[in-house]
Amino acid sequence: MREPPARTDEEPSVGEHDAAGDPGRLLALSDGVFAIAVTLLVLDVGVRDGLDPAGFRRALRQTVPELLAYALSFTVIAAMWRDHRRIFAGVRRVDEVVIRLTVVGLGLVALMPFPTTLLADYGGRPQAVLIYSGAVVAVDAVHLWLLRYLASRPGMLAAPRPKAETRLLTADLTLTIAVFVLSMGLAYVSPTAAKWCWLLLVAVRLGLRWARGGRSAA
């Protein structure tokens, strides 16, 4: 009797076929959730009709915090989407763990309009800053878990991911988490200082992008 072919690390076992799947559908779902999340951000920005000139000017001024919160969350969610795409770059199949982690992350992303509204309406209160920071930390923590899980399962990748890329993305997510955790501590001292702390992310992202570009050119 001919022996069955030996299983390699690149092929899922019979028991894994039910859990494994094409990442295309998961990425399509993810793109849809991210798109809906950024669309919902703008729904809270508006000026009611029927206002006199003075009331209209006052209402316009009141939209400034809403627009700033929208711009912040749009940037944050766009960065989350970009990280998510980078994590899934080169993934040829997913298992049940990847699916569950992705769904949890998407659920947290879909929640982002809520802390954004809190930040726009109560940005001077520490609880609003704390909830917003906690939401960002939760999403990036799931992304970091997902990245490390895929790094430990090379058989799920079409080709080995460069270690430098994994290290840079890990550093990116870790530093983002660190900045928002720091802002959570600052929130009860000064909510304004906590929000200014988020600007550190600009330097972090630019620095890591520069490092990534330098490594690619080397």
Side-chain angles (χ1 to χ4, degrees), residues 22-41 69-95 97-116 119 132-154 156-184 197-216:
D22 181 0
R25 288 186 294 180
L26 192 59
L27 285 173
L29 172 64
S30 301
D31 288 346
V33 172
F34 278 103
I36 292 172
V38 296
T39 301
L40 291 177
L41 294 176
Y70 164 78
L72 171 66
S73 288
F74 185 93
T75 303
V76 168
I77 293 175
M80 290 173 176
W81 174 80
R82 184 170 178 269
D83 291 339
H84 188 267
R85 300 295 294 192
R86 287 166 61 194
I87 290 169
F88 273 87
V91 174
R92 68 180 181 86
R93 68 179 182 87
V94 295
D95 64 7
V97 174
V98 173
I99 293 172
R100 289 177 180 176
L101 286 175
T102 301
V103 169
V104 170
L106 293 178
L108 294 169
V109 169
L111 190 64
M112 284 300 297
F114 168 65
T116 301
L119 197 66
Y132 189 92
S133 297
V136 176
V137 168
V139 174
D140 280 348
V142 172
H143 283 176
L144 183 57
W145 188 354
L146 187 57
L147 173 66
R148 302 312 303 174
Y149 180 81
L150 287 170
S152 68
R153 303 293 193 282
M156 293 185 178
L157 305 177
R161 192 194 303 270
K163 292 183 179 180
E165 176 64 21
T166 300
R167 285 195 299 267
L168 285 170
L169 185 49
T170 299
D172 196 344
L173 291 169
T174 302
L175 288 173
T176 302
I177 291 170
V179 168
F180 276 92
V181 168
L182 175 62
S183 72
M184 292 170 73
C197 178
W198 297 339
L199 293 180
L200 288 174
L201 284 179
V202 176
V204 169
R205 295 277 182 172
L206 289 177
L208 287 171
R209 188 175 300 174
W210 176 84
R212 189 177 300 114
R215 286 179 178 273
S216 298

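Residue numbers run from 1 in the order of the sequence given. Being a predicted model, the structure only gives us computed values, none of them experimental.
In this model, no donor atom of one side chain and acceptor atom of the other lie less than 3.5 Å apart for Y132 and S183.
G105 approaches V139 most closely through the heavy-atom pair O-CG2, 4.5 Å. Closest heavy-atom contact between P113 and L41: CA-CD2, 3.8 Å. The two residues I77 and A37 have their closest heavy-atom pair at CD1-CB, 4.2 Å.
Looking at L169 and H143, their side chains never come closer than 4.5 Å, going by heavy atoms from C-beta outward. With a 4.5 Å cut-off on side-chain heavy atoms, V109 and W81 do not count as touching. Residues F180 and M184 fail the side-chain proximity criterion, which asks for heavy atoms closer than 4.5 Å.
Once rounded to the nearest 0.5 Å, the distance linking OG1 of T170 with CG of L147 reads 4.5 Å. Atom CH2 of W198 and atom OG1 of T176 lie 13.5 Å apart (nearest 0.5 Å). The NE2 atom of H84 sits 12.0 Å away from the CG atom of D140 when rounded to the nearest 0.5 Å. With values rounded to the nearest 0.5 angstrom, T174 atom OG1 is found 13.5 Å from R167 atom CZ. With values rounded to the nearest 0.5 angstrom, D95 atom CG is found 6.5 Å from R93 atom CZ.
No more than 12 heavy atoms of other residues, nucleotides or ligands shown are found within 6.0 angstrom of CZ on F74.
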(request) Take R85 and D31, measure what salt bridge (charged side-chain N to carboxylate O under 4.0 Å, His left out) needs, and give me the verdict at the end. (result) CA-CA 9 Å; R85 300 295 294 192; D31 288 346; 3.0 Å; yes
(request) Take M156 and L150 through the test side chain to side chain contact (heavy atoms under 4.5 Å, CB included) and record every step on the way to the result. (result) CA-CA 7 Å; M156 293 185 178; L150 287 170; 3.8 Å; yes
(request) Start with the C-alpha gap between T166 and R148, add the side-chain angles, then the distance that decides, and say whether side chain to side chain contact (heavy atoms under 4.5 Å, CB included) holds. (result) CA-CA 9 Å; T166 300; R148 302 312 303 174; 3.4 Å; yes
(request) Just do the side chain to side chain contact (heavy atoms under 4.5 Å, CB included) check on S133 and V181 with the steps written out, would you? (result) CA-CA 7 Å; S133 297; V181 168; over 6 Å; no
(request) Under the side chain to side chain contact (heavy atoms under 4.5 Å, CB included) rule, what do L26 and F88 come out as? Steps first, then yes or no, please. (result) CA-CA 10 Å; L26 192 59; F88 273 87; 3.9 Å; yes
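When atom types are taken as modelled, the side chain of S73 and the backbone of Y70 share no donor-acceptor pair closer than 3.5 angstrom. Put simply, the side chain of R161 gets close to the backbone of I87: a donor and an acceptor are under 3.5 Å apart.
Using a cutoff of 4.0 Å between basic side-chain nitrogens and carboxylate oxygens, D172 and R86 are scored as salt-bridged.
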